[in-house]
S.K.: 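Encoded as structure tokens, here's the structure I'll be asking about.
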Amino acid sequence: GAVVSQHPSRVICKSGTSVKIECRSLDFQATTMFWYRQFPKKSLMLMATSNEGSKATYEQGVEKDKFLINHASLTLSTLTVTSAHPEDSSFYICSASAQGEFRNSPLHFGNGTRLTVT
Amino acid sequence: KQEVTQIPAALSVPEGENLVLNCSFTDSAIYNLQWFRQDPGKGLTSLLLIQSSQREQTSGRLNASLDKSSGRSTLYIAASQPGDSATYLCAVYSGTYKYIFGTGTRLKVLA
């Protein structure tokens with residue numbers, strides 16, 4: 001089955017530093033990847049949609065200069081949290097889907113990244 | 001604007017019980033609905049996908065139904081086991097690359 005690998009699973013960083021999270025589709029080409037943020041005991045909040053080779057589409061209220069998304073290849077998307085603050089501490093999850101499969105196929109998720117900013 | 005609600009928010013049952021989790025959505029114009037399982041600190045695992053033209057899907061002890069006209073889906077878990085303890089989320093896909101997630105039901109099955 002389709003596998004999405006997300007790395008790292010946990011990261012602790014100091015305020016003001018930047019952190020990069022990787023999301024890879026291991027056995028399929030993901031033309032579209034999604035980045036979500038999840039607060040404790042809350043549902044998933046879509047942050048942005050990234051399409052291979054083009055700029056990401058950010059949801060309202062998400063700062064694109066703070067959460068940099070790059071989708072340079074069909075198997076890799078990265079989320080960089082720049083100048084991290086403690087309020088950026090959260091659980092970040094990526095998901096992926098191959099082109100044209102949204103209506104007919106399940107969405108595949110990575111295992112998430114727990115970010116703690118001290 | 002599509003809104004997805006899940007009831008109950010939390011559920012605790014003894015092992016062996018059959019149980020039903022509910023998901024409701026406000027806009028019936030959906031392409032599909034998916035049920036996911038999330039273990040603590042982990043990502044989501046897809047359990048069942050129901051197309052808008054389908055009424056139900058089954059996988060092992062799980063059965064999901066969809067009533068698009070009334071904006072409802074249920075996830076039925078038969079003979080629950082402690083290993084079923086997790087958070088269950090439903091999500092609807094209405095197009096434009098967006099999945100809208102419910103707030104989840106936290107299930108605890110007691111041994």
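The shown structure was predicted, so the numbers you read here are calculated from the model rather than taken from an experiment. We name chains A, B, ... by the order of the sequence lines, and we start the count at 1 in each one.
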S.K.: Determine yes or no for a side-chain-to-main-chain donor-acceptor pair under 3.5 angstrom, with B:Q34 supplying the side chain and B:A91 the backbone.
M.R.: no

S.K.: Between A:L44, A:T57, A:I93, which residue shows the highest count of heavy-atom pairs closer than 4.5 Å to chain B?
M.R.: A:L44

S.K.: Non-hydrogen atoms of chain A under 4.5 Å away: do they reach the side chain of B:L44, the backbone, both or neither?
M.R.: both

S.K.: So which of B:G102, B:G104, B:A10 has the largest heavy-atom pair count under 4.5 angstrom toward chain A?
M.R.: B:G102

S.K.: Provide the closest heavy-atom pair for A:L107 versus A:A96 in the form atom of the first, atom of the second, distance.
M.R.: CD1-O, 3.9 Å

S.K.: With the threshold set at 4.0 Å, does a side-chain nitrogen-carboxylate oxygen contact exist between A:E22 and A:R24?
M.R.: yes

S.K.: Between B:D84 and B:R61, does any NZ, NE, NH1 or NH2 come within less than 4.0 Å of an OD or OE carboxylate oxygen?
M.R.: yes

S.K.: Can you tell me which portion of A:Q6 sits under 4.5 Å from chain B's heavy atoms? Options are side chain, backbone, both or neither.
M.R.: neither

S.K.: Evaluate the ring planes of A:F109 and B:F36, with Trp represented by its six-membered ring, and classify them as parallel (under 30°), tilted (30 to 60°) or perpendicular (over 60°).
M.R.: perpendicular

S.K.: Measure B:Q6 against the heavy atoms of chain A and call it side chain, backbone, both or neither at under 4.5 Å.
M.R.: neither

